[in-house]
Protein chains: 2
Amino acid sequence: MTTLTSPAIEYDLEIDLVTRFFQVLSDPTRVRIIELLLDGEQNVSELVHGLGVPQARVSSHLACLRWCGYIGTRREGKFIYYRITDPRVSELMQLARTIMAGNAEAIASCLRLNEETA
Amino acid sequence: MTTLTSPAIEYDLEIDLVTRFFQVLSDPTRVRIIELLLDGEQNVSELVHGLGVPQARVSSHLACLRWCGYIGTRREGKFIYYRITDPRVSELMQLARTIMAGNAEAIASCLRLNEETA
DNA sequence: TGGTCATATCTGATTATAAAGATATATCAT
DNA sequence: ATGATATATCTTTATAATCAGATATGACCA
């Protein structure tokens, strides 16, 4: 076997879901937003301040998280408050950190492309 | 507040780790490899067959997963066997699926860019 | 109604990721 | 040594995600 590639089971749609689920968590701004919201509801201005990134960027990441059901909103006058909707998100982050704990240095320089650090 | 962006806490390195951790799981081929390996050790040829994707691609994704400590290897003659090193990876995948279960349709069309499906 | 503040969306440019395909390394058998 | 098989790496090229900045919407207040 040199290069080929038999038919195998046809592409699984469920895998794409899992993939996207994790992809949402693979952006630093989004992860930081989640961390902030795990400490309690915040409106956009508060998040912008807490994150230190431009408002447009925060909004677009919030849109992503919201669209995917990680977070929910509530309007109060001019302000829109965001919150984590599923408490298990907290579990997920904890579990990830636990797993990571062992091989943090490795992950830091991972990702198959930038292997200069090795 | 229109666009600005106060200093805030300086950029957290740990967040980048978490981000990368999840990023590894945000590629369909890598997720499929993990799923396969959760059922037991396999060598590259078996994976190539099971996945139905070119060998070079499988190898490069394996390199990524290995580099990041998700999987380990063992040589047996010409063959190299890969296995999941941390059993908690299984927990992680289960938890992700559980959380996803509720908002699968949403995630399917998420990611902030391709919102045509909406 | 006009103005201001909070938030959301759009457009183009930049950067990061992944795919293809060729080629290299390593092990075994003859 | 030679050839064959298994696996890894490299070099483009293509694609997809992110960002910045401008602009739009929507609520409140004077």
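In what follows, every chain begins at residue 1, and chains take the letters A, B, ... in the order their sequences are listed.
- Counting to the nearest Å, the P atom of dT7(C) and the CD1 atom of Ile71(A) are 13 Å from each other.
- Distance alone, capped at 3.5 Å, places no donor-acceptor pair between the Ser26(A) side chain and the Val24(B) backbone.
- Legend: ring pair (Phe, Tyr, Trp, His ring centres under 6.0 Å) pairs involving residues 71-106 of chain A, not counting sequence neighbours: none detected.
- Every residue two or more places apart in sequence or in another chain that forms a side-chain hydrogen bond (donor to acceptor under 3.5 Å, both in side chains) with Thr73(B) is listed here: Arg66(B).
- Within the 4.0 angstrom heavy-atom criterion, only backbone atoms of the sugar-phosphate kind lie near Tyr82(A); the bases stay farther away.
- Listed pair His61(B) / dA19(C) meets the phosphate criterion, a side-chain N or O lying under 4.0 Å from OP1 or OP2.
- In this structure, Phe79(B) atom CZ and dA8(D) atom C1' are separated by 16 Å, rounded to whole Å.
- Atom CD1 in Ile33(A) sits about 11 Å away from atom P in dA8(C), given to the nearest Å.
- The phosphate of dA20(D) (OP1 or OP2) has a side-chain N or O of Arg57(A) nearer than 4.0 angstrom.
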Pair Ser59(A)-Gln55(A), side chain to side chain donor-acceptor pair (under 3.5 Å): steps then yes or no: CA-CA 6 Å; Ser59(A) 267; Gln55(A) 177 268 323; 3.1 Å; yes

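- Rounded to a whole Å, the CD atom of Glu46(B) is 18 Å from the P atom of dT5(D).
- Nucleotide dA18(C) holds its P atom 9 Å from the CD atom of Gln23(A), rounded to whole Å.
- Closest-nucleotide positions on DNA chain D for Lys78(B) and Ser26(A) were compared, and the one nearer the 5' end corresponds to Lys78(B).
- Between Arg75(B) and dA6(D), a side-chain N or O to OP1/OP2 separation shorter than 4.0 Å is absent.
- The shortest distance between the side-chain N/O atoms of Ser45(A) and the OP1/OP2 oxygens of dT7(C) is below 4.0 Å.
- Residue Gln55(A) places no side-chain N or O under 4.0 Å from the OP1 or OP2 atom of dA6(C).
- When the P atom of dT15(D) is taken as reference, atom CG of Asp27(B) falls 16 Å away, rounded to whole Å.
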